[in-house]
Amino acid sequence: MICVSISEKTNDEAIKQIRAAEKIADAIEIRLDSIEEPDLNRLINSTKPIIATNRKKGEGGNFEGSEEERISLLIEAIKNGAEYADIELSSGKQAISKLIGEKGKARIIVSYHNFTETPESLDVIIDEISSTGCDIIKIAAFANDITDNIRMFEAAKKSGKNIIALCMGEKGEISRILYKKFGSILTYSIMEKGKETAPGQITIQLMKNLYRADKLNKETQILGTIGKPAKYSRSIFMFNPVYEKLKLNKVHLKFEVDNLAKFLSEIKKLKPAGFAVTTPYKEEVLKHLDEIDETAREIGAVNTIVVKDNKLIGYNTDGIGAKRAIQEKTVLEGKNIVIIGAGGAAKAVSYVLSKENCNLRILNRTVEKAKEIAKKAGCEYGSLNDLGNFDLLLNCTSVGMSPNESETPIEKKHLKGIVMDIVYKPIMTTLLKEAKEQRCETIDGISMLLHQGIEQYRLWMGIEPPIELMRESLWKSLSEKQ
Ligand code: ATR
């Protein structure tokens, strides 16, 4: 059940939101504490079940009156037909018993909130809530580390009761999406950004349309992008629509990771199928893997992990992604290719292209670094002034990336042939814009992003990727500016 939380100042505004929410949500939580003089008769009148909540201050609420008034309003809400009422554990046994005594057909949620941490004693808290005789246990605690979700998951699993167990904050997002895997009976979301009633809530559109949270279950296989930050990852838009279309019981998440070793060991409890790895972990991850594919070992970086028989196997699809993006436009054979840059991306791309029948030259601001990777790729190198003759120029630096959109690694007058950029934010970089003005053919960074993702899919699933579907999903997300 996906529940939309509604927290508005006036009855009219709340009712407007309820009408909108009942079109898409399975249940609606009305935060009575946010509404000045709530009109229960009008508010508790929906086609969807209503959860009446009247939060006190200190538990993230705004209720101004006395405790007695607070509980009375909940009892009134039940009398007006609310299917659920939420009361905080901290309200005390007496208040909780009073509400339970008046519940009639409604179901009582007894809730615990911790806005600073996910405490060690989750089991003890769950037992304490359970002992109140409530119908549903709710425990919501702030995640300071992504692995706090795993502790929450384990505690919820053990409880064996009707439970809502979630972690709050950005790092708790996965517990909200995976609520069914966590054994929770519902998850909370919002109608639009900015309407959060607790930290880390995401919109019901993302919850339902992108992650299909209500369709996931205990068997759902988990994949995700490991990074810091992970929030800018576009992989969620590339993979989740494919899982939906192909009816695969899988989900791609974002893992905001602070401690890679701890994360990789804890996440195994959820039996994940694989990971994408992004900045800053592509190199650090190597020492945590059980096996490393030869290309990734040679490049010295991993952007893909396949989990097989509980073993972590590392691959690198960045180089092959660039290669496929080029091959979509032209043949590699016999081409003179100039790679600009000598960082991780340049390393991956030059290693893969060095296996092809083309001539490579690596140019970098710091020539020493170009020399190092040119040695591995067995090719020429130089400074940014050594452009010489080329058919294809490939920018592997971050120059031109937002917010430095006006920058470009190579002056316009030198551009010719095919110009490719691995930067995809913005899609039309200054380099590509100027290349077009010089009547060059261009290959944008989205093509490489797509193709490295296609290769990841191939590794994770072991089957031929639905290329057009992935392309369509990625472009759709870009046009929707999510
Ligand atoms: P990644 O691993 O993502 O490729 P990186 O390792 O930080 O990123 O590499 C960045 C590359 O962009 C380097 O080749 C860097 O040049 P230096 O080796 O001289 O540092 C290049 N780069 C970054 N900013 C640049 C700039 N303003 N002009 C030219 N090259 C630049």
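Just follow the structure's listing: the first ligand is 1, and inside any ligand the first atom is 1. Throughout, residue positions are numbered sequentially from 1 according to the sequence presented.
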**Q** Answer yes if the ring centres of Phe142 and Phe115 are under 6.0 angstrom apart, and no otherwise.
**A**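 Ring centroids of Phe142 and Phe115 are no less than 6.0 Å from each other.
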
**Q** Below 4.0 angstrom from a heavy atom of Gly341, which ligand 1 atoms are there? Numbered from 1 as shown, please.
**A** 14 (O)

**Q** If you take the nearest heavy atom of each of Val423, Ile410, Thr366, which one is closest to atom 17 (P) of ligand 1?
**A** Thr366

**Q** Ignoring hydrogens, tell whether any protein atom lies closer than 4.0 Å to atom 6 (O) of ligand 1; use the non-hydrogen atoms only.
**A** yes

**Q** Please assess Met420 against Lys329 for the test side-chain contact (heavy atoms from CB on, under 4.5 Å), listing each intermediate value before the final yes or no.
**A** CA-CA 10 Å; Met420 172 168 168; Lys329 270 264 155 69; over 6 Å; no

**Q** Taking distance alone, with N or O pairs closer than 3.5 Å, would you say Ala345 contacts ligand 1?
**A**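 By distance alone, the answer is yes.
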
**Q** Using a heavy-atom cut-off of under 4.0 Å, does the side chain or the backbone of Asn364 touch ligand 1, or both, or neither?
**A**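 The answer is the side chain of Asn364.
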
**Q** With Glu455, which residues qualify under salt bridge (Lys or Arg N to Asp or Glu O under 4.0 Å), at least two apart?
**A**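 Once residues adjacent in sequence are excluded, the partners of Glu455 under the salt bridge (Lys or Arg N to Asp or Glu O under 4.0 Å) criterion are Arg324, Arg458.
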
**Q** Give a yes or no on whether a salt bridge exists between Glu298 and Lys355, defined as a side-chain N under 4.0 angstrom from a carboxylate O.
**A** no

**Q** So is Ala342 in contact with ligand 1, going by heavy-atom distances below 4.0 Å?
**A**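 Heavy atoms of Ala342 do come under 4.0 Å of ligand 1.
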
**Q** Which distance, rounded to the nearest 0.5 Å, do you find between the CG of Leu206 and the CD1 of Ile177?
**A** 8.0 Å

**Q** Identify the protein heavy atom lying closest to atom 2 (O) of ligand 1, giving its residue, its atom name and the separation to 0.1 Å.
**A** Gly344 N, 2.9 Å

**Q** Give me the nearest non-hydrogen protein atom to atom 10 (C) of ligand 1 as residue plus atom name, then the distance to 0.1 Å.
**A**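 Protein heavy atom at minimum distance: Gly343 CA, 4.5 Å.
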
**Q** Any donor-acceptor pair under 3.5 Å linking the side chain of Glu380 with the backbone of Asn359?
**A**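 Not a single qualifying donor-acceptor pair exists.
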
**Q** Considering the options Tyr243, Tyr315, Phe239, Phe275, which one meets the ring-ring contact (aromatic ring centres under 6.0 Å, His included) requirement together with Trp460?
**A** Phe239

**Q** Check each heavy atom of Val399 against ligand 1 and say whether those closer than 4.0 Å belong to the side chain, the backbone, both or neither.
**A** side chain

**Q** Using salt bridge (Lys or Arg N to Asp or Glu O under 4.0 Å) as the criterion, list what pairs up with Lys158, not counting sequence neighbours.
**A**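 Salt bridge (Lys or Arg N to Asp or Glu O under 4.0 Å) check on Lys158 returns Asp123.
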
**Q** For atom 27 (N) of ligand 1, which candidate among Glu372, Glu407, Met401, Arg365 provides the closest heavy atom?
**A**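 Looking at heavy atoms only, Arg365 sits closest to atom 27 (N) of ligand 1.
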
**Q** Only heavy atoms count here, so choose which of Glu283, Glu368, Lys282, Lys369 is nearest to atom 18 (O) of ligand 1.
**A**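 Selected option, by shortest heavy-atom distance: Lys369.
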
**Q** Could you tell me the residue and atom name of the protein heavy atom closest to atom 12 (O) of ligand 1, and the distance to it rounded to 0.1 Å?
**A** Thr397 CB, 3.1 Å

